[in-house]
Amino acid sequence: MDNNNLQEQLNRIERNTLLSAKNVLTFDDVALLTGYSKSHLYKLTCCGKIPHYKPAGKRLFFDKKELEDWLRQNRSASESEIEEMADNYLMNGRV
């Protein structure tokens, strides 16, 4: 492994370590964490679809816990969970 690849890996590890320790995230942090493009994130903030803060009216910030909760919304049940709900409904007449 050459020095450039090693340095890139060390930089990535450092960035991910710092990111995991933060509670308030910058726009770039959120792009890295979610994998969303910056243009998509701008659309989400513009439409008010993602929780965010603009304390000085310019830079965007995000609460990590709120962002994680937002990412977890609209959960899809697994096939086994759906089968279990169907079985419960058939046995008890309710979910």
Side-chain angles (χ1 to χ4, degrees):
M1 182 177 286
D2 65 5
N3 285 342
N4 287 339
N5 285 341
L6 184 59
Q7 188 60 45
E8 284 179 30
Q9 277 189 323
L10 289 172
N11 289 340
R12 193 171 33 253
I13 290 168
E14 180 182 27
R15 186 172 57 241
N16 289 338
T17 302
L18 291 172
L19 183 60
S20 68
K22 292 173 83 175
N23 290 321
V24 176
L25 305 175
T26 65
F27 191 81
D28 290 334
D29 293 337
V30 173
L32 180 65
L33 183 69
T34 63
Y36 290 146
S37 69
K38 290 182 181 183
S39 64
H40 185 66
L41 285 173
Y42 275 120
K43 288 176 189 172
L44 292 173
T45 57
C46 215
C47 297
K49 294 190 177 195
I50 187 171
H52 64 280
Y53 299 86
K54 273 175 124 176
K58 194 166 187 172
R59 289 195 61 191
L60 293 169
F61 295 94
F62 302 81
D63 179 271
K64 188 175 186 178
K65 171 84 171 88
E66 289 176 357
L67 183 64
E68 289 170 345
D69 291 344
W70 178 80
L71 288 168
R72 286 189 187 101
Q73 66 185 347
N74 296 329
R75 181 182 183 276
S76 296
S78 69
E79 190 175 303
S80 62
E81 289 172 325
I82 293 170
E83 288 175 5
E84 184 179 333
M85 287 188 290
D87 288 344
N88 285 340
Y89 181 77
L90 291 174
M91 302 268 269
N92 304 324
R94 62 185 180 287
V95 177

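Side-chain atoms are counted along with the backbone in the values below, which use heavy atoms only and exclude waters and symmetry mates.
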At what distance, to the nearest 0.5 angstrom, does [atom1] of [X] lie from [atom2] of [Y]?
X: Gln7; Y: Asn3; atom1: CD; atom2: CG; answer: 8.5 Å
X: Lys43; Y: Ile50; atom1: NZ; atom2: CD1; answer: 14.0 Å
X: Asp28; Y: Arg15; atom1: CG; atom2: CZ; answer: 10.0 Å
X: Glu83; Y: Met85; atom1: CD; atom2: CE; answer: 10.5 Å
X: Lys49; Y: Leu41; atom1: NZ; atom2: CG; answer: 13.5 Å
X: Leu44; Y: Thr34; atom1: CG; atom2: OG1; answer: 8.5 Å

Worked check of side-chain contact (heavy atoms from CB on, under 4.5 Å) between Asp63 and Asn23: CA-CA 6 Å; Asp63 179 271; Asn23 290 321; 5.5 Å; no

Proximity of Phe61 and Phe27 rings by center, below 6.0 Å: no

Aromatic plane relationship, Tyr36 with Trp70 - under 30° parallel, 30 to 60° tilted, over 60° perpendicular: perpendicular

Glu68 atom CD, neighbour heavy-atom count above 12 within 6.0 Å: yes

Exercise: do Glu66 and Tyr53 side chains pair donor with acceptor under 3.5 Å: yes

side-chain contact (heavy atoms from CB on, under 4.5 Å) assessment of Arg59 paired with Thr26: CA-CA 8 Å; Arg59 289 195 61 191; Thr26 65; 3.8 Å; yes

From CA spacing to verdict: side-chain contact (heavy atoms from CB on, under 4.5 Å), Glu79, Glu84: CA-CA 9 Å; Glu79 190 175 303; Glu84 184 179 333; over 6 Å; no

Considering all heavy atoms, the nearest His52-Thr45 contact: CE1-O, 3.3 Å

Ion pair Lys64/Asp29, N-O distance below 4.0 Å: no

